[in-house]
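Read through the structure below, which is laid out as structure tokens, and then see the notes.
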Amino acid sequence: MQQPPNHAAAPLTGTIRLLRHSELPQFKAHLLRLDADSRRDRFNGPTNDGFVSSYAERSFGTGTLVIGYVENGQVLGAAELHERPQDPEPTGEIAFSVERHLQHRGLGSLLFARLIESARAFGYERLLVTTHPQNEAMKRLARRFNASLRFEDGETLGVIGLEPVPPLPARPGAGAFGTLLAAAY
């Protein structure tokens with residue numbers, strides 16, 4: 001049996017950045033372009049276009065932080081951070097999607113790293129990830145970022161504890177300056 005030629009993947013040429021609200025159409029188009037397997041992995045089951053469109057609009061409407069991989073004006077990958085205000089400690093639920101032709105090229109790791117950095121900056125202490133048990137790529141990615149995984153109710157659940165952002169160092173002379181300002185008024 002003849003093996004297909006091994007062509008090196010072209011380098012990633014886009015940028016990873018926060019998506020603006022005005023980029024909702026590009027985010028929605030990205031989610032709608034996901035092939036059936038990628039869409040099942042992203043939403044933990046089969047979905048139709050109506051659900052995906054509505055989901056994208058809800059995400060931007062509820063203040064979800066969406067970080068995208070953008071190339072030539074198209075969103076081709078995304079990492080989402082959904083706040084869980086009902087949890088006692090600052091907790092976010094995370095989700096990822098990468099279009100098929102860019103999978104297995106390290107883009108998920110880059111998105112994950114940026115998402116964790118952003119979550120820490122917002123003061124989150126925990127991140128939750130939920131996936132179906134067959135999504136090996138997501139489970140590997142979560143483990144790479146120190147998620148503790150368990151199987152519960154037919155799903156794989158992961159928890160990532162985040163280190164808090166360190167406090168700002170005391171500025172030399174800040175105390176004396178404050179005293180001078182108080183004396184001036």
Problem set entry | Any donor-acceptor pair under 3.5 Å from Ser118 side chain to Arg114 backbone | yes

Exercise. With a 4.5 Å limit on heavy-atom distance, are the side chains of Leu127 and Ile116 in contact?
Worked result: yes

For this session: Could you tell me whether Glu23 and Lys28 make a salt bridge, using a distance below 4.0 angstrom between a side-chain N and a carboxylate O?
Result: no

Exercise. Can you check whether Thr64 reaches His82 side chain to side chain, under 4.5 Å on heavy atoms?
Worked result: yes

Exercise. Should Gln26 and Leu19 be marked as a side-chain contact (heavy atoms from CB on, under 4.5 Å) after you check the CA-CA gap, both sets of side-chain angles, and the distance that decides it?
Worked result: CA-CA 9 Å; Gln26 291 92 328; Leu19 296 183; over 6 Å; no

Exercise. Is the number of heavy atoms from other residues, nucleotides or ligands within 6.0 Å of CD (Glu89) greater than 12?
Worked result: yes

Exercise. Any sub-3.5 Å donor-acceptor pair from Ser54's side-chain atoms to Gly50's backbone N or O?
Worked result: no

Exercise. Under a single-linkage definition using a 4.5 Å side-chain heavy-atom cutoff for Ile, Leu, Val, Met, Phe, Trp and Tyr, are Val129 and Leu65 assigned to the same hydrophobic cluster?
Worked result: yes

For this session: Would you kindly confirm whether Val70 and Leu32 end up in one hydrophobic cluster when ILVMFWY residues are joined by side chain heavy atoms under 4.5 Å apart?
Result: yes

Seminar exercise, completed: Rounded to the nearest 0.5 Å, the CG atom of Leu107 sits from the CD atom of Glu99 at a distance of 10.0 Å

Exercise. Are Leu141 and Leu111 co-members of a hydrophobic cluster defined by side-chain heavy atoms under 4.5 Å apart?
Worked result: yes

Exercise. Taking everything shown except Phe122 itself, do over 12 heavy atoms lie less than 6.0 Å from its CZ?
Worked result: no

For this session: Could you please spell out the steps behind the side-chain contact (heavy atoms from CB on, under 4.5 Å) verdict for Ile160 and Arg126?
Result: CA-CA 6 Å; Ile160 301 169; Arg126 290 183 333 148; over 6 Å; no

Seminar exercise, completed: For Glu93 and Thr130 the tightest heavy-atom approach is OE2-OG1, 3.8 Å

Exercise. With side chains defined as the heavy atoms from C-beta onward, is the minimum distance between Ile67 and Arg17 less than 4.5 Å?
Worked result: no

Exercise. Using the ring of each side chain (for Trp, its six-membered ring), is His21 parallel, tilted or perpendicular to Phe60, with breaks at 30° and 60°?
Worked result: perpendicular

Problem set entry | Where Leu81 and Gly92 come nearest, the two heavy atoms and their spacing | CD1-CA, 3.8 Å

For this session: Show the numbers, then the answer: is there a side-chain contact (heavy atoms from CB on, under 4.5 Å) between Leu128 and Arg84?
Result: CA-CA 9 Å; Leu128 306 178; Arg84 293 177 48 99; 3.3 Å; yes

Exercise. Which atom names give the shortest non-hydrogen contact between Val66 and Ala78, and what distance separates them?
Worked result: CG1-CB, 4.3 Å

Problem set entry | ring pair (Phe, Tyr, Trp, His ring centres under 6.0 Å) pairs, two or more places apart, involving residues 84-111 | Phe96-Phe112

Problem set entry | Between Asp35 and Ser38, a side-chain donor and acceptor under 3.5 Å | yes

For this session: Taking the side chain as every heavy atom from C-beta outward, state whether Arg143 and Leu149 have any atom pair closer than 4.5 Å.
Result: yes

For this session: Test Val98 against Tyr69 for side-chain contact (heavy atoms from CB on, under 4.5 Å), laying out the working first.
Result: CA-CA 9 Å; Val98 175; Tyr69 171 72; over 6 Å; no

For this session: Taking atom types as modelled, find out whether Arg144 and Ser109 have a side-chain donor-acceptor pair closer than 3.5 angstrom.
Result: yes

Problem set entry | Donor on one side chain, acceptor on other, His30 and Ser97, under 3.5 Å | yes

Exercise. So do Val52 and Arg39 actually touch side chain to side chain, heavy atoms under 4.5 Å?
Worked result: yes

Problem set entry | For the student: nearest non-hydrogen atoms of Asp37 and Arg100, plus distance | CB-NH2, 3.3 Å

Problem set entry | Contact check, side chains of Leu12 and Leu102, non-hydrogen atoms, under 4.5 Å | yes

For this session: Report the distance from atom CG of Asn44 to atom OG1 of Thr156, rounding to the nearest 0.5 Å.
Result: 9.0 Å

For this session: Return yes if a side-chain donor-acceptor contact under 3.5 Å exists between Tyr55 and Arg42, otherwise no.
Result: yes

Exercise. Can you name the nearest heavy-atom pair linking Leu115 to Glu80, along with the distance?
Worked result: CD2-O, 3.7 Å

For this session: Return the minimal non-hydrogen interatomic distance between Gln74 and Arg33, and the atom names on each side.
Result: NE2-NH1, 3.6 Å

Exercise. Does the side chain of Val159 come within less than 4.5 Å of Arg150's, by heavy atoms?
Worked result: yes

Exercise. For the atom pair CD (Glu125) and OG1 (Thr91), what is the distance rounded to the nearest 0.5 Å?
Worked result: 7.5 Å

